[in-house]
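Report on one structure; see the data block that follows.
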Amino acid sequence: MTAGGSHLSTSETFPGQAKNAPAGEALPKSAAPATPPAKRRAYIAIWQGFFGALMMFVGSIGTGWIANGSPMIRQPVVIALRTEGWGVTLSTVLLTVGAMLLMRSWLRLGQRLGDWGEHSLRSVVIAISAWSSPLLLAVPIFSRDVYAYTGQGRLVMEGQNPYQVGISTLSNWFSLGADPAWAENRTPYGPYFLWLARGVVGLTGAQPDVSVFLFRLLAGAGVVLCIIYVPKLAELHGINGARALWIAVANPLFLISFVASAHNDALMVGLAVAGVYFAATKHYLTGILLVTASIGIKPITVLLLPFIGVMWAGPSASWTRKFLIWGATAGISFGVLALSGIPYNLGLGWVWAIMDPTPGYTGYSPSGFLGQQVEFLANGLGLPGGTFADLLRTGMKWAAVGLVLLLMFRGDYSRAVRRLALAFTAVVMLSPIIQPWYILWFLPFLAVTGIRNDWQIRSLYVGVTFFVVFGAQDQLSVWSFVELPINASSLAFVTALLFTFYLLVLDIHTRKLLVEGKPLDWARRSWGWVQEQRAARR
């Protein structure tokens with residue numbers, strides 16, 4: 001048995017293959033059409049998604065984040081789309097509708113490849129490539145963190161330590177395009193990413209547009225690693241690789257966050273998935289080094305090391321062996337990272353990103369939302385609501401730590417990757433701060449170990465849709481002097497909600513995915529249940 005793989009049996013068969021026929025048995029020519037119907041149908045969704053991504057590319061010109069030092073802002077077309085009311089309005093609609101069309105195309109691709117046969121993987125890879133290509137050239141959208149990367153590269157190049165100072169210490173830092181709210185913050189990234197950022201700045205001279213493109217290529221390397229290793233890791237667990245790739249990588253939140261926004265999390269996740277695959281196939285040292293490289297991009301993946309140790313220890317390992325292997329795993333990884341801090345005098349500054357997380361909370365995280373409700377109720381009762389909310393959020397963080405420890409020490413050896421996925425999910429979901437792309441950290445590991453076609457996949461649909469809608473209205477770059485008939489964020493929000501209503505109620509295809517049964521029948525059943533409960537209370 002391969003380490004970390006549950007090796008579940010599957011009843012899936014390829015189109016045209018007899019139910020009990022061997023997977024490698026050749027089919028008669030009459031039974032194997034040159035172009036399978038599922039493959040032909042898939043191209044419809046692929047083209048629709050490409051058109052949606054193209055709309056996002058055009059819309060990004062008017063509402064995406066352009067650095068003040070970019071020569072783009074002096075181009076006539078860009079000036080018109082960013083300073084004229086009609087231009088900003090058109091760009092907002094194109095960006096939002098394009099993102100929602102990409103959402104629908106992803107859902108429809110999954111439906112059109114519903115049998116997940118032998119041609120499905122190729123279709124999913126083609127879809128990812130087609131949908132990514134316009135986003136690769138778009139102005140950064142939904143986030144401007146990529147501009148901060150350039151500033152951090154400049155800090156290293158000028159002999160300053162990004163773990164001690166923020167980019168506000170740089171001359172003319174504002175022209176780089178970074179968010180002023182984070183200009184004085186120390187970097188939360190690992191030493192390897194700072195090496196890469198310095199390399200980008202060395203090649204581009206900190207020119208913002210070319211730097212963004214190179215950072216996108218680095219993020220693209222992470223996407224490619226996911227494309228290669230997500231299907232491989234899924235097959236180790238008896239999970240269809242094409243479906244796992246569709247869930248984890250083809251979804252619009254992944255493509256927007258990791259291609260259009262160029263988050264370095266893409267490279268972190270790609271290296272982590274590759275590392276877990278090698279560990280699961282008993283190449284433990286390679287797996288540890290790849291996960292260490294992932295930590296060197298963003299330290300949150302240090303969470304994976306104990307589970308790599310579980311795989312290395314073996315299925316019948318004693319507790320003494322487990323603790324020795326955990327120590328060896330940590331020693332190899334941390335030793336390499338310690339040596340990696342010597343160049344540019346970075347030291348072990350990356351450790352602070354784990355030990356000193358960002359304060360505050362986001363209102364849509366479970367911790368943040370529940371804390372708000374507790375605070376409201378406590379204040380209404382004359383109690384210190386803020387204190388109760390802080391206690392709740394702290395308790396949820398410690399609950400995540402407890403779940404990680406439980407999953408480390410308990411569970412089947414064959415489900416080590418699943419345990420890793422659940423631990424990663426707990427750490428993210430019980431944290432007070434969740435950024436939209438944080439769910440992409442653990443999603444590939446859940447996908448390769450199985451996401452059922454029930455409430456689990458519908459929860460994913462809801463989560464991805466929510467964060468796409470949230471990003472569409474939350475991160476728009478619109479100058480305050482532009483006169484608009486309706487606020488751009490409000491326009492994007494309403495547009496996204498209308499499209500969501502269309503997906504949920506009007507679209508005869510997607511509503512089957514999001515709501516069990518016809519929406520009106522579902523509404524009638526719900527109303528009937530309410531009436532029954534009222535009658536029972538009388």
Side-chain angles (χ1 to χ4, degrees), residues 67 69 144-208 210-212 214-215 217-219 221-222 262-268 270-272 275 285 288-305 327-359:
R144 50 174 158 169
D145 285 0
V146 65
Y147 291 118
Y149 304 162
T150 304
Q152 288 152 5
R154 271 189 61 189
L155 284 173
V156 178
M157 197 165 197
E158 295 181 11
Q160 300 190 66
N161 191 332
Y163 295 126
Q164 298 176 355
V165 298
I167 62 174
S168 61
T169 62
L170 297 169
S171 61
N172 202 27
W173 68 269
F174 193 73
S175 66
L176 298 175
D179 189 342
W182 305 105
E184 296 183 7
N185 288 59
R186 299 175 292 168
T187 182
Y189 308 132
Y192 300 149
F193 183 72
L194 295 178
W195 293 6
L196 293 172
R198 185 194 184 283
V200 167
V201 171
L203 290 173
T204 65
Q207 203 285 333
V210 183
S211 297
V212 165
L214 291 185
F215 281 119
L217 294 182
L218 292 174
H263 282 292
N264 59 4
D265 306 61
L267 189 54
M268 176 197 78
L271 289 167
L285 181 58
I288 292 171
L289 292 177
L290 284 168
V291 171
T292 299
S294 174
I295 298 169
I297 301 299
K298 206 165 184 178
I300 186 63
T301 47
V302 71
L303 176 66
L304 308 185
L305 290 179
T329 302
I332 293 170
S333 181
F334 295 161
V336 171
L337 287 168
L339 292 174
S340 302
I342 295 175
Y344 311 119
N345 297 314
L346 296 175
L348 295 176
W350 57 273
V351 175
W352 86 268
I354 302 174
M355 306 303 295
D356 187 21
T358 305

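Only this structure's heavy atoms are used, side chains among them; waters, hydrogens and symmetry mates stay out.
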### Message
If you compare all heavy atoms of A338 against all heavy atoms of L348, which two are closest, and at what distance to 0.1 Å?
### Response
CA-CD2, 3.8 Å
### Message
Counting C-beta onward and ignoring hydrogens, is there a side-chain heavy-atom pair between L304 and I295 closer than 4.5 Å?
### Response
no
### Query
Given side chains that start at C-beta, do those of V201 and T150 come closer than 4.5 Å, heavy atoms only?
yes
### Message
With a 4.5 Å cut-off on side-chain heavy atoms, are L337 and Y192 touching?
### Response
yes
#### Entry: Closest contact, heavy atoms only, L194 versus V156
CB-CG2, 4.2 Å
### Message
Return the CG to CG distance between L267 and L217, rounded to the nearest 0.5 Å.
### Response
12.0 Å
### Message
Please tell me whether T187 and Y163 have a donor and an acceptor in their side chains that are separated by less than 3.5 angstrom.
### Response
no
### Task
Measure the CZ-CG distance between F193 and N264 for me, rounded to the nearest 0.5 Å.
4.0 Å
### Message
Looking at every non-hydrogen atom in both residues, tell me the closest pair between P191 and S340 and how far apart they are.
### Response
CB-O, 4.1 Å
### Aromatic plane relationship, Y149 with Y189 - under 30° parallel, 30 to 60° tilted, over 60° perpendicular
perpendicular
### Task
Look only at the side chain of S175 and the backbone of N172, and say whether a donor-acceptor pair between them is shorter than 3.5 Å.
yes
### Task
Would you indicate whether the side-chain heavy atoms of E184 and V165 approach each other to under 4.5 Å?
no
### Task
Give a yes or no on whether the backbone of Q207 and the side-chain of S211 come within a donor-acceptor separation of less than 3.5 Å.
yes
